[in-house]
Structures are given as structure tokens and as C-alpha cells.
There are 2 protein chains.
Amino acid sequence: MNETYKILIVDDEKDLCEILQFNLASEGFDIEVAYSGEEALAKTIDRFDLLLLDVMMGGMSGFKLADKIRKELGLSVPIIFLTARETENDMLTGFNVGADDYLSKPFSIKELVARIRAVLRRGKSVEVKAKVITIDSMELDLNRKSVTIDRTPVLLTRKEFEILSMLVLHKGKYLSRQEILDRIWSDDVIVTERNVDVNIARLRKKIGEFGQCIKGRSGYGYCFEN
Amino acid sequence: MNETYKILIVDDEKDLCEILQFNLASEGFDIEVAYSGEEALAKTIDRFDLLLLDVMMGGMSGFKLADKIRKELGLSVPIIFLTARETENDMLTGFNVGADDYLSKPFSIKELVARIRAVLRRGKSVEVKAKVITIDSMELDLNRKSVTIDRTPVLLTRKEFEILSMLVLHKGKYLSRQEILDRIWSDDVIVTERNVDVNIARLRKKIGEFGQCIKGRSGYGYCFEN
DNA sequence: TCGTTTTGTAATATTTCTGTAACAGGGGTG
DNA sequence: CACCCCTGTTACAGAAATATTACAAAACGA
């Protein structure tokens, strides 16, 4: 009923991050923080309901990050930009990239929370765009959480589907068992890392030849590669 | 007696959507927004009393969308088109598709509201076209909220009928218990998700062999598929 | 109002999903 | 080679989710 929204904050000012994290957490949001665009991309962005991105960051800028998320990952997560600059230009770049809102520092927490709720509410009534990933003859529909191979549906369980999509979204990167556990299993359940193995095995069996695309490497974890 | 009218706005200009949403909501309408034709189709169009469609949209045009709604879904919801273009040609296409009215941007909110009320008033007195969905030998009449199988009436209760039509209108898509609850039960009543199960069970029993078309999948919800 | 129908809850049966354990194989290392 | 660590797979049992039934409360109509 009252679902917890997951928000990712990406900002290299650690102090600000802490303040935001504390305040938003106490508003009932589930917060995660990344201190750079690179760090953010290492996460499965897909599982957040909203991103708060700082425009000015060392390394990758917030806009660059947003662009990657939209274009390369093909995700349409709502994004709110935080910026110290107030030029028209920035605003424009932000919205071109598909920003859902824009907030100039300094801003009040109250205002931020209001904007966040507005964006989430908006997203609620709107059906998300098709998020379909195609790998040869295999299609993952992230919305419907369905998989087809040669147009034939493959019945995956929840965990199997989540593991598969996590691997596919990070195609080419080895994800450790721990990373997979952290992301897919809820915090309060404690399970063995071996569990990932078992689920991977089941998954492999179900997706036939594509099972070979899931590489396991000793000491590294798993990776999808075709 | 003073029923709230549900209006769906489909337009890819988010700013305009917001303005419309705000203004129409404060006129007492119940507004939902979709930012593309595809998004709109993902909704149960059936539950709206009026559609406001932008003609020019990325992806599916408003005309295309209207056409699908009329032909494929077989719905006769009133439609008002919004357009920046004012050519005769457009007007014609619009009315061919079964437009109820036509408004060129820029228009005043006041004018829009007037037209909306006019269309709704008109729809009220006029006999609505049949909205009948046929699945093999099963017929759902969305107007009369009646179902027949082999011409024989099947007496469904209100909840049963709504669940069935929701599933049928989203044929092939798994709908979670929560989605079903949200749409069919009013917000202020709090009921268990188990309730959906019970109603599905009753429904299945009543519609005989078609009960098999209602697939239940652990962790995903229910789906109609034949 | 009464009787009927509809709807919700709770309890129970059943199915599906998931975690653990156990075992088998692979590959490196002493 | 023998050993150990890591991985892949299978089988089983416990857990979770779902289906169904029975009953009570609420809504509805006459």
C-alpha cells in the first residue's frame, strides 16, 4: 500500500549528501548516495524511483550522467537536478536531457520534498515508457517483467528475472555475488552467497543457449556477455 | 448526482499538460495524463469520460491513437483534439476518426472548459455507441456491464465484471493485485490483496472454460490470455 | 423492515518459489 | 598426485504465494 520510494542522490559534496540523506530518509524515503557519476553508474540505476543529480561534479557532470542514463541505459527514471548555477543555459540543458524538475541551491528541504513528491505523483499516474532490451532473439521487457526468446515467453520467477536484468543492464561487467545479493534481496533477509549460484543455475537452464552468455569467473562473480 | 468526470490528457508537451491538469482539476475534473499515445494505450481507456488528444506528438499521432481506440478497443469515448495546425485537412482527418470537437492552440482555458462541458453534456443525452468486446464466444458489453457466453447471459457481480474487463482490456499483461485494487476499489476502502484472489476465483467459476484464460502467476499477478 | 445478493475475512488446501545442503567437477598449488 | 577452494548442479524441505471454501458482515431492493 504505502510503497517506499527509492531515491539515489548523486553529489560530490559529502556534507550536502548527508544532510539530504538524513532529511529525506526521515521523510520516509529510501536513500542511497553516490559521490560521483561513475559511482552512480556502477549501481543498478534501474531500481530507483527518482534521481537527484548535482549538475556540477568533479568528473562526470550531472547532465552527462543523465544523458548516459537516458541514452545508454535507456531508462526513464525521473530526474531532479540540483545546481548552484542559475543561468538559463543550464536550465535548457537540463530539460533537453529529460529533467523532470530543477532546483537551485540553496534550497529548502521542504521545497525539495514537495518537488520530489510532485514528480513521484506525476510518474505514478503515467505508465512508464516501454523499457525493452533486446539481445539477439531474446527480449527483456523491464516493465512487464517478462522475457521472450524467439517470441516464445520464458517463464522466469521474480528472482530469476531480477538477476537476469541486473546482469544484462551491466552487460560486460562482472558483478560479485555480494553485489547481486545486496541489490536483489531485501536487507532484512540473510542468505548465503551460494544462493546466487543456485538461482543462476536455474536461470541458465530456463534461457537455453543464452545461458552461455552468463559467464562465471572465479573470484569475480557473474557477467552477461554475448 | 454530481459525478466527477474523468479526463485523460495525452500530450507530449509536459508543460502544457501541467497547465491543463491544474486548471481542469480545479474545475472539478478528475485528470490523468499520458505523455504519448503508447502510454495512453497502456491505460484502461475505458474508464475515462473524455479524452483530450494532441494531434502532433512524437511517436503515435493523436489521430492514430484515436483510430486505435475506436477500432481496436471499440470505444466511443468522446474525444477533443488539440492542435497547433489549422488546416482543413487536419480537421477532416479529425472528424473522420470520430472527433467530438476540435481546438487550435493557443486556446484559452475558459474556452476549453466550455467545450468540454458541451461535449460531456451532449454525450449524456445521446445513446452511447455499443462498446462490446468479443473473445471467441464470450462477449463483454462495457456499457451494459453484461457478459454472455454463447449468447447465454452470465450474471457477474460488479467487482467480478470490473476485474474481468480490466484484465481483458489489458489482454496479455500481468496486472498485480495492487494495480487491480487501486483501479477497482475506491481509495478510502482498505481491503486485503487476498480479496482479489477471492473475486478471481468466483469469476473463474462463473465463466466456465474461459476461467482458464485468466492466468495467475506467483509474484506477478493476473493476466487474461486466450 | 426482511430477505437476498454482494462483498470481505478468515481458514484451509494447494501450488510455486526459494534456500540449504550435499555432491561432483575443475583448476590451481604445494 | 593429493589437496583445497571455488563453482555448477541437483534434490529436498521449508517458506511464501496462491486457490478455494465457508461463513459473516454489509449493501441492496422490495
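Chain letters run A, B, ... following the sequence lines, proteins first, then strands; residues in each count from 1. All values derive from a computational prediction rather than experimental measurement.
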For the residue pair [X] and [Y], establish whether any side-chain heavy-atom pair is separated by less than 4.5 Å.
{"X": "A:Phe210", "Y": "A:Asp136", "value": "yes"}
{"X": "A:Ile7", "Y": "A:Asp49", "value": "no"}
{"X": "B:Val196", "Y": "B:Tyr222", "value": "yes"}
{"X": "A:Leu50", "Y": "A:Val77", "value": "no"}

Rounding to an integer number of Å, can you tell me how far [X] [atom1] sits from [N] [atom2]?
{"X": "B:Ile163", "N": "D:dA19", "atom1": "CD1", "atom2": "P", "answer": "12 Å"}
{"X": "B:Lys159", "N": "D:dA27", "atom1": "NZ", "atom2": "P", "answer": "11 Å"}
{"X": "B:Asn195", "N": "D:dA26", "atom1": "CG", "atom2": "P", "answer": "14 Å"}
{"X": "B:Asp197", "N": "D:dA22", "atom1": "CG", "atom2": "C1'", "answer": "16 Å"}

query: What pairs of residues pass the salt bridge (Lys or Arg N to Asp or Glu O under 4.0 Å) test when at least one of them lies in residues 203-226 of chain A, not counting sequence neighbours?
result: A:Glu160-A:Lys206
- request: Between B:Lys206 and A:Leu156, just flag the one whose closest nucleotide in DNA chain C comes earlier from the 5' side.
  value: B:Lys206
- request: Would you mind reading off the bend of the helix from C:dT1-D:dA30 to C:dG30-D:dC1 from its two end axes, five pairs each, to 10 degrees?
  value: 20°
- request: Provide the start and end nucleotides, 5' to 3', of the part of DNA chain C that has atoms under 4.0 Å from heavy atoms of chain B.
  value: C:dT6 to C:dC17
Matching residue for A:Glu32 among A:Lys43, A:Arg183, A:Lys6 - test: salt bridge (charged side-chain N to carboxylate O under 4.0 Å, His left out): A:Lys43
task: May I ask you to check if A:Lys145 and B:Tyr174 form a cation-pi contact, with NZ or CZ under 6.0 angstrom from the six-membered ring centre and within 45° of the axis?
output: no
Sort me out a list of protein N/O and nucleotides 10-17 of chain D N/O pairs below 3.5 Å, or just none if empty.
unit_1: D:dT10; atom_1: OP2; unit_2: A:Lys205; atom_2: NZ; d: 3.1
unit_1: D:dA17; atom_1: O3'; unit_2: B:Ser218; atom_2: OG; d: 3.3

message: Side chains of A:Asp150 and A:Ser137: any donor to acceptor distance under 3.5 Å?
response: yes
- prompt: Among all residues two or more places apart in sequence or in another chain, which pass the side chain to side chain contact (heavy atoms under 4.5 Å, CB included) test with A:Asp182?
  reply: A:Gln178
message: At less than 4.0 Å, is any side-chain N or O atom of B:Tyr222 found next to OP1 or OP2 of D:dA19? Yes or no.
response: yes
task: Please list, chain by chain and in numerical order, all residues satisfying side-chain hydrogen bond (donor to acceptor under 3.5 Å, both in side chains) with B:Arg194, sequence neighbours excluded.
output: B:Asp197
query: Judged by atom type as modelled, is there a donor-acceptor pair below 3.5 Å linking the side chain of B:Glu39 to the main-chain atoms of B:Tyr35?
result: yes
